[in-house]
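One structure is given here, and the rest of the page talks about it.
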Amino acid sequence: MPGPARYARRLWRAGRRRVRFLTRSVRLAYRRSLHLRMVTITLVVSSLLVGVFGFLVAKGSADSLLDGARGQVSNDLSDGAAYAAQQLNVHTRESPSVKLTINDTLRYLAGSPQPGGAIVAINSDVTDGLVASPDLDVAPAITPELSHQVADQRKVAWQVVTRDLDGNGPVTYLVYGSGVPAGWGGQVELYYLVPLTREATTAAQIRTIVLITGAALVVLLGLLAALVTRMVVTPVRVAARTAQRLSAGLLDQRMVVSGEDDLALLAASFNQMAANLQRQIVRLEEMSRLQRRFTSDVSHELRTPLTTIRMAADLIHTERDQYDPVVARSAELLQAELDRFENLLTDLLEISRFDAGFAVLDAEPTDLVPVVRRVTERLVPLAERAGVRLTVHVPAAPVIAEIDPRRVERVLRNLVGNAVEHGERKPVVVTLAADESSAAVTVRDHGVGLQPGEEKLVFNRFWRADPSRARQTGGTGLGLSISVEDARLHGGWLEAWGAPGEGAQFRLTLPLRAGDRLVSSPLRLVPRDAGEDLSRLPRELPPAPPPRPAETAPDPGAERTEAAP
C-alpha cells in the first residue's frame, strides 16, 4: 500500500539524517579534541593487542588440552590393541567361539577405566559391522577417511568429530582407531571414542577468563590514557584560553604555575612570554601614540607659518610679471611647492585621525552617478596635459548608496589621478555599476601596469613603483593609503590588479546600506581585456568629440562620457 510505503520511506530518511548528524558530530568532536583522540587510539590499539593475545592464549590452551587427551587415548588404544591381538590370535575364522571372544574382549576393554566415559568399538569381517560398548550406533562418528586409514594402511589414525550418538545433542568426540592382527588373517579394527566435554568446558572457561581479563585491561588502559592525557591537555587548554584572552587585549592574563615538571616550565615560559609581549605592546602603543601626537602637533603647528608663507607667496606670484624672468619662474615654483606642502599637511592630518581612531563616517543617501561625473570632470585638465582620454560608463538610472560623499570623492580623485599619471597617454576608463546590495567603481588604465605582488604594496604609505619616474601631479604618497582607510570606514573594499605592459585596474566596492557586509562585487577586478594585445592602442590620441548624450550609450541602461585633449 502507498501509505505504509511512504511512512517507511520517511522513517528511513529520518533515520539516515539522524545517523549522518551523529556521524558528523562524532567526527567533529574527534577532530577538535586531543583528549578524545588519544583515548580512542589507546582503546583501539589495546583492544587489538589484547584480542590477539587472548586468541593465542585460548588457542594454546585448547591445543594443550587436546594434546593431553590424545596422549591418554593413544596409550589406552595401544594397550587395548595389544590385549585384543592376544585374545584373537588363538582363533581361526571357523572357530565357533570367535564372536564370543570378540564380544568378551569388547566388554573387557569397555569395562576398564576410560577417560570421561569413552566408547569402545570393534569392526571386523566376522561381526559384519561395528559393535560398540555401550551399545550405541557409532558409525556416524567413524568417517570413511578414518576407516580407510585404519583398515588399508594399518596404522593408528585419529580425528575430531561432532555427532549426536545418544540423542542428547551433538557432542565433540576424539576418535582414535588402530588395526588389530587376527589369527585367521582377517581384519579387525579397534576404535576409542572419547567425548571432549570436559576439555571443551575447560577451554570455554579459559576463553571467558581471558575475555573478561582483556576487557578489564582495555578499560583500565583507557582510563589510564584518559587520566594521563587530561594531565597533559588541561594545561594546554588553559594556555589556549589565556592566549585567546591576550589576543583580545587582556594583557594581564597569566597561567597558574604549579609544581616543577615540564608543564610547570611551559606555564612559566608562557607567562614570561606574555609579560614580554605586554611590555613590548605597551611600549609600541606609547610610541604610536607619541608618533600620532607628534604628527598631529607638527601638522597643526606648521599651519601658522605656512599661512604666512602662503600670503607672501601669493603676493609675489601675483606680481611676478613685474620681476625678472628668473625671479618670476622662482615665484611659480614656490607657489607649486606650497600647494604640494599644503596637501601633504592635509593628508598627514587625515592619516593621524585614522591612526587615532577619530575618523567618523558622515553617511547619507547619495547618488553615485553625479559623484563619478564630478570627479572625472574636475580631472579633465590634468588628462589634457597628460594626453589621456577619460571615458566614463555610468548607469542611466540613479545609484543611491549611504556614503560619505567627501570621502568617496577623495577616493575616486586619487584613483583617477593615479590612472592618468601612469596611463602612458592611453585611454583611462571609469565604470560604475550596482546590484541589489553593493555598488562598485573601477578605474582602468593601459599604462605600465604592476609587477607581481605590487597590487598589495600600492596601498602602503609613501610607496612608489618607480621613484625615478617623472610625476604630473606631485602627489604626497599618502593618497592610496587614505583611500583604503576611507573604503574600510564605509565597510567596503579597495582592490588593485595589474600586469606588466597591460596596465592596471582599481576597484572600489561599497555597500548600498551603511553597516551591511559585502559578499560580492558587481564588477570584475580583473578586466575582460586582460591578456589581450594592447599595442594597437595609440600613444597619443586625437582630439575627442564633445561629451555625448545618454542615448549614444554603448549598451542599454548605461551612458558613456568622454573627455580628451
Side-chain angles (χ1 to χ4, degrees), residues 15-16 18-77 113-119 136 138 140-143 145-146 157-176 192-234:
R16 281 198 307 175
R18 183 65 177 174
V19 169
R20 283 199 298 267
F21 174 75
L22 292 176
T23 304
R24 283 197 302 268
S25 302
V26 171
R27 284 203 303 265
L28 185 62
Y30 183 81
R31 287 198 304 268
R32 292 184 175 181
S33 176
L34 177 62
H35 192 190
L36 179 60
R37 284 204 304 274
M38 293 300 298
V39 173
T40 303
I41 292 173
T42 302
L43 288 175
V44 171
V45 174
S46 60
S47 298
L48 291 176
L49 293 177
V50 170
V52 172
F53 176 75
F55 172 77
L56 294 177
V57 170
K59 187 175 183 303
S61 301
D63 292 343
S64 298
L65 292 173
L66 181 61
D67 290 341
R70 284 181 53 197
Q72 184 176 359
V73 175
S74 178
N75 293 332
D76 293 340
L77 178 64
Q114 301 297 334
I119 302 173
L136 297 173
V138 297
I142 301 175
T143 62
E145 293 80 5
L146 178 64
W158 67 277
Q159 65 179 10
V160 177
V161 295
T162 302
R163 298 289 187 271
D164 183 7
L165 302 182
D166 55 2
N168 294 325
V171 177
T172 302
Y173 291 94
L174 175 61
V175 183
Y176 256 84
Y192 275 60
L193 290 79
V194 179
L196 297 178
T197 305
R198 184 180 61 185
E199 287 77 7
T201 302
T202 304
Q205 292 175 351
I206 293 175
R207 283 195 297 269
T208 303
I209 294 174
V210 169
L211 180 61
I212 295 175
T213 305
L217 181 60
V218 169
V219 172
L220 290 177
L221 288 175
L223 293 176
L224 180 61
L227 179 61
V228 174
T229 307
R230 183 180 179 84
M231 293 174 60
V232 176
V233 170
T234 299

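- Within 6.0 Å of CZ on Arg37 lie more than 12 heavy atoms contributed by other residues, nucleotides or ligands.
- To the nearest 0.5 Å, atoms CZ (Arg20) and OG (Ser25) are separated by 12.5 Å.
- Here the straight-line distance linking atom CZ of Arg70 with atom CG of Asp63 works out to 10.0 Å at 0.5 Å rounding.
- In plain terms, the two heavy atoms of Ala225 and Thr42 that are nearest each other are CB-OG1, 3.4 Å.
- When all heavy atoms of Pro195 and Leu193 are compared, the pair lying nearest together is CD-O, 3.7 Å.
- With a 4.5 Å cut-off on side-chain heavy atoms, Leu66 and Leu196 count as touching.
- Between Thr143 and Arg163 the shortest side-chain heavy-atom distance falls below 4.5 Å.
- The OG1 atom of Thr202 sits 10.5 Å away from the CZ atom of Arg207 when rounded to the nearest 0.5 Å.
- Taking the side chain as every heavy atom from C-beta outward, Tyr173 and Val138 never approach each other to under 4.5 Å.
- The environment of CZ in Arg18 is sparse: at most 12 heavy-atom neighbours from other residues, nucleotides or ligands sit within 6.0 Å.
- When all heavy atoms of Val218 and Ser47 are compared, the closest pair comes out as CG1-OG, 3.5 Å.
- Between the CG atom of Leu220 and the OG1 atom of Thr213 there is a distance of 10.5 Å, given to the nearest 0.5 Å.
- In terms of heavy atoms, Ser74 sits closest to Tyr176 at CB-CE2, 4.1 Å.
- In terms of heavy atoms, Tyr192 sits closest to Val73 at CB-CG1, 4.0 Å.
- Minimum heavy-atom separation, Ser61 to Ile206: CB-CD1, 3.5 Å.
- Looking at heavy atoms from C-beta onward, Asp76 lies out of side-chain contact with Val194 at the 4.5 angstrom threshold.
- Proximity of Leu43 to Leu221: side-chain heavy atoms (C-beta onward) are nowhere separated by under 4.5 Å.
- Annotation: side chain of Leu48 is not in contact with side chain of Val52 (no heavy-atom distance under 4.5 Å).
- With values rounded to the nearest 0.5 angstrom, Leu36 atom CG is found 9.5 Å from Ile41 atom CD1.
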